[in-house]
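All values derive from a computational prediction rather than experimental measurement. Sequence positions, counted from 1, serve as the residue numbers for this chain.
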Amino acid sequence: MKALVEIANRLGNEYPAGGRIVGTTATGEKMTLDKGELDGIGVNQMCVVFVSDGGVDIPIALAAAYPKKTGTSQLDVRRWNDRDKDAKPLVKSFKADPKAFLAENKIYAVGYGMPVPPTWKQGTDDDKYRVAK
């Protein structure tokens, strides 16, 4: 079972799930990702939100994903990347008017690591690899 967990994690980290941001709240603290659970987005999965700026992907935020039954996910921003000199003006512009920024720019999110199912976190180290019945 431990080998299967290792293979699943390596595969998930090698080919992370992601998608395009298609909506945002007025504050920008919540966003809508066009992919959901069936696309590989896990509950509480951390995602890097980034903007393609001149062909370079600039990470602007780290957000937690909450997939919906509709095939989309809600992203809740946990931390803004406002210390990076390339990201800082993008973050400032996004926060000033998130909806206008989204209309003018392509924003994406990709999983940062692979989410671990809650059943793997229960009990002792050996118990976390047991299949729930």
### Query
Which residues satisfy the side chain to side chain contact (heavy atoms under 4.5 Å, CB included) test with S93, sequence neighbours excluded?
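Side chain to side chain contact (heavy atoms under 4.5 Å, CB included) check on S93 returns F101.
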### Query
Among pairs that include at least one residue of residues 50-76, which meet ring-ring contact (aromatic ring centres under 6.0 Å, His included), considering only residues two or more places apart or in two chains?
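Matches after skipping sequence neighbours: F50-Y108.
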### Task
For the pair V48 and L62, evaluate side-chain contact (heavy atoms from CB on, under 4.5 Å) and give the outcome as yes or no after the intermediate values.
CA-CA 5 Å; V48 176; L62 187 64; 4.1 Å; yes
#### Entry: Heavy-atom pair with the smallest gap, counting every atom of A64 and N44
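Looks like CB-OD1, 3.6 Å.
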### Message
Test: ring-ring contact (aromatic ring centres under 6.0 Å, His included). Region: residues 19-44. Which pairs qualify, not counting sequence neighbours?
### Response
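Output for this query is empty, none listed.
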### Query
What heavy-atom pair brings P59 and A87 nearest, and what distance separates the two atoms?
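Answer, listing the atom of P59 first, then A87: O-CB, 3.4 Å.
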### Message
I'd like to know if D76 and K30 make a salt bridge, using a cut-off of under 4.0 Å between side-chain N and carboxylate O.
### Response
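Yes.
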### Query
Hey, what do you get for CE (M31) to OG1 (T72), rounding to the nearest 0.5 Å?
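Rounded to the nearest 0.5 Å, the CE-OG1 separation comes out at 14.5 Å.
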### Message
My understanding is that only residues two or more places apart in sequence, or in another chain, count here; which of them pass side chain to side chain donor-acceptor pair (under 3.5 Å) with E37?
### Response
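Listed in chain order: nothing, the list is empty.
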### Task
Could you pull out all residues at least two apart from K68 that satisfy salt bridge (Lys or Arg N to Asp or Glu O under 4.0 Å)?
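If we apply the salt bridge (Lys or Arg N to Asp or Glu O under 4.0 Å) test to K68, skipping adjacent residues, there are no hits.
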### Task
Check side chain to side chain donor-acceptor pair (under 3.5 Å) between S52 and all other residues, then give those that pass, not counting sequence neighbours.
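Once residues adjacent in sequence are excluded, S52 has no partner under the side chain to side chain donor-acceptor pair (under 3.5 Å) criterion.
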### Task
Please list all pairs passing the salt bridge (Lys or Arg N to Asp or Glu O under 4.0 Å) test where one or both residues lie in residues 94-108, with sequence neighbours left out.
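Output for this query is empty, none listed.
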### Query
What residues, two or more places apart in sequence or in another chain, satisfy salt bridge (Lys or Arg N to Asp or Glu O under 4.0 Å) together with D53?
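By the salt bridge (Lys or Arg N to Asp or Glu O under 4.0 Å) rule, D53 matches no residue at all.
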### Any residue meeting side chain to side chain contact (heavy atoms under 4.5 Å, CB included) with K92, in chain and number order, not counting sequence neighbours
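With neighbours one apart ignored, the set is empty.
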### Task
Please identify each residue that fulfils side chain to side chain contact (heavy atoms under 4.5 Å, CB included) with L102, with sequence neighbours left out.
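Scan of L102 (side chain to side chain contact (heavy atoms under 4.5 Å, CB included), adjacent residues dropped) gives I21, T24, I107.
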### Task
Can you run down the side chain to side chain donor-acceptor pair (under 3.5 Å) pairs that involve residues 79-88, sequence neighbours left out, and say none if there aren't any?
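For residues 79-88, and leaving out neighbouring residues, the side chain to side chain donor-acceptor pair (under 3.5 Å) pairs sorted by first residue read E29-W80.
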